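Note that these values count all heavy atoms, side chains included, but never hydrogens, waters or copies made by symmetry. Since the model is a prediction, treat every value here as computed from it, not as a measurement. When a residue number appears, it is its place in the shown sequence, counting from 1. Read the numbers this way: they start at 1 and go in the same order the structure lists the ligands and their atoms.
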Amino acid sequence: MRLRYSRAELLAEHEHARPHEAAGYRLHGGLDQHGTYVSPRSKFRTGAIEAWSKEHVARGHELIDASRRLLEHDSFPNAGQHVWLMKNGIGNVLWDDLTITGVIEARGQALTNFVAPDFQELVVEDISDWALGHLNGGLLQAHGMDEGGDPDSGLGGHDTMWFAARDLVFGADAYPLPVVPDSIGRPDLGRLMPELPLPVEQCLLLLMNVLMIEVRAEAFFATVDDVLSHRGIAPKGDDAAAQAAEMVGRIRQDEALHVGYLPVVISELRSATLRVAGGVKRGAEIIDPIWRGMVEWHAVTTREHSVAQKRAVLVPLLAARGLDLSMFDQLSERRAA
Ligand SMILES: [Fe+2]
Ligand SMILES: [Fe+2]
């Protein structure tokens with residue numbers, strides 16, 4: 001099992017039979033000879049992430065859970081609520097969610113230029129064969145380009161893919177562009193891991209924030225998938241909705257790489273022996289309480305805030321159409337853990 005990869009390999013593309021194009025956009029990845037979508041920069045990256053993950057477990061360590069089980073709730077609005085809104089002619093709620101998701105994806109492009117601190121200075125074990133040892137060797141760069149596109153290629157990334165899905169469902173410029181929140185990451189709470197150098201703490205918090213944003217995105221994928229499977233609700237018709245669903249499936253396929261390597265990196269750090277002031281410490285001792293706090297913030301705190309904000313927008317929309325908010329609320333359902 002190969003565990004060491006060059007930057008060129010982690011960025012390498014498959015040969016594509018056809019370019020990836022939809023709704024007038026030129027997009028990353030490509031199609032193989034059977035018309036199946038192939039994720040960008042995945043020629044070696046997919047196998048590399050699998051190898052690091054298996055190796056970590058083979059060394060006797062566990063992988064942190066990064067599934068939707070971490071979230072206690074569905075997206076808001078949930079699929080049933082979106083469908084009800086669309087049947088009542090209120091499509092702009094889904095339009096806004098799709099647009100905002102695209103704009104936030106574009107911000108992920110910043111990862112392309114992010115330089116992680118030298119983790120080998122912190123970790124006692126040799127990390128050359130770990131995912132952690134490849135962060136600056138192509139992993140973060142590939143991730144950033146997946147989210148916001150590679151400016152050199154002129155091909156759109158996830159940002160553009162969400163806009164393509166949105167345009168397929170509603171038509172381009174169907175509604176005005178919504179206001180996009182400044183940040184969806186947890187705000188700076190001051191030093192949380194004072195035993196670690198500040199750049200290491202900042203990088204760890206960034207990786208955890210990004211991973212939880214990916215987990216929340218996974219919940220949104222499921223919601224959109226569910227909404228688009230309902231026939232007769234998309235303004236541009238069922239065929240266009242099916243194409244949009246396929247586009248969302250392609251984004252989701254790409255995201256599997258992100259929710260693949262980030263948990264491995266955090267798990268490797270949990271398992272590592274870290275050099276701290278006055279000695280060494282097991283990574284889990286430092287990371288676990290911080291990870292729990294990060295999960296809680298994304299799963300509960302920020303959700304409550306976002307639900308309150310979105311409800312404030314919904315109330316006048318429903319009132320203007322003489323619709324009862326309680327009918328919308330009846331469609332909400334706490335997701336089984
Ligand atoms: Fe993405
Ligand atoms: Fe992602």
Side-chain angles (χ1 to χ4, degrees), residues 10-11 13 20 22-23 25-30 37-42 45-46 48-50 52-53 64-68 70-71 75 97-114 116 131 134-135 138-151 153 155-167 180-181 183-186 203-225 244-266 294-295 298-299 302:
L10 292 177
L11 297 175
E13 300 278 356
H20 182 205
Y25 297 101
R26 292 175 62 234
L27 303 163
H28 73 198
Y37 175 69
V38 180
S39 293
R41 296 166 281 275
S42 63
R45 197 163 42 132
T46 305
I49 294 167
E50 221 176 270
W52 293 318
S53 170
I64 58 164
D65 180 18
S67 70
R68 279 172 58 208
L70 294 177
L71 306 178
S75 303
D97 276 2
L98 295 170
T99 306
I100 290 169
T101 303
V103 173
I104 286 168
E105 291 262 23
R107 292 182 188 155
Q109 226 258 346
L111 286 173
T112 306
N113 301 313
F114 181 80
H134 292 76
L135 283 180
L139 275 183
L140 291 172
Q141 191 183 349
H143 186 163
M145 291 197 288
D146 291 348
E147 307 294 22
D150 169 10
S153 73
L155 304 176
H158 290 170
D159 50 347
T160 320
M161 288 165 84
W162 281 109
F163 301 149
R166 175 200 67 189
D167 293 358
V180 181
S183 165
I184 59 163
R186 187 173 65 171
C203 178
L204 259 170
L205 290 174
L206 173 79
L207 297 175
M208 290 184 199
N209 252 317
V210 172
L211 178 52
M212 279 311 296
I213 291 169
E214 302 273 357
V215 172
R216 283 163 60 189
E218 188 51 43
F220 185 59
F221 284 119
T223 301
V224 175
D225 222 25
E246 191 172 8
M247 182 59 63
V248 172
R250 291 172 181 180
I251 305 172
R252 197 176 199 174
Q253 179 181 319
D254 299 346
E255 297 292 2
L257 292 160
H258 307 163
V259 289
Y261 88 92
L262 285 169
V264 178
V265 167
I266 293 169
M294 187 63 81
V295 170
H298 281 279
T302 192

Residue pair Met161 / Met247: nearest heavy atoms and the distance that separates them: O-CG, 3.4 Å
Of Arg252, His258, Arg68, which meets side-chain hydrogen bond (donor to acceptor under 3.5 Å, both in side chains) against Glu218? Arg252
When rounded to the nearest 0.5 Å, the distance separating CG of Leu155 from OG1 of Thr160 is 9.5 Å
Pair Tyr261-His134, ring pair (Phe, Tyr, Trp, His ring centres under 6.0 Å): steps then yes or no: CA-CA 10 Å; Tyr261 88 92; His134 292 76; over 10 Å; no
From Leu206, Leu207, Leu10, residue fulfilling side-chain contact (heavy atoms from CB on, under 4.5 Å) relative to Leu140: Leu207
Every N, O or S from the protein that is nearer than 2.8 Å to the Fe ion (ligand 2): Glu147 OE2, Glu214 OE1, Glu214 OE2, Glu255 OE1, His258 ND1
Apply the side-chain contact (heavy atoms from CB on, under 4.5 Å) test between Asp254 and each candidate in His158, Glu147, Arg41; give the one that qualifies. His158
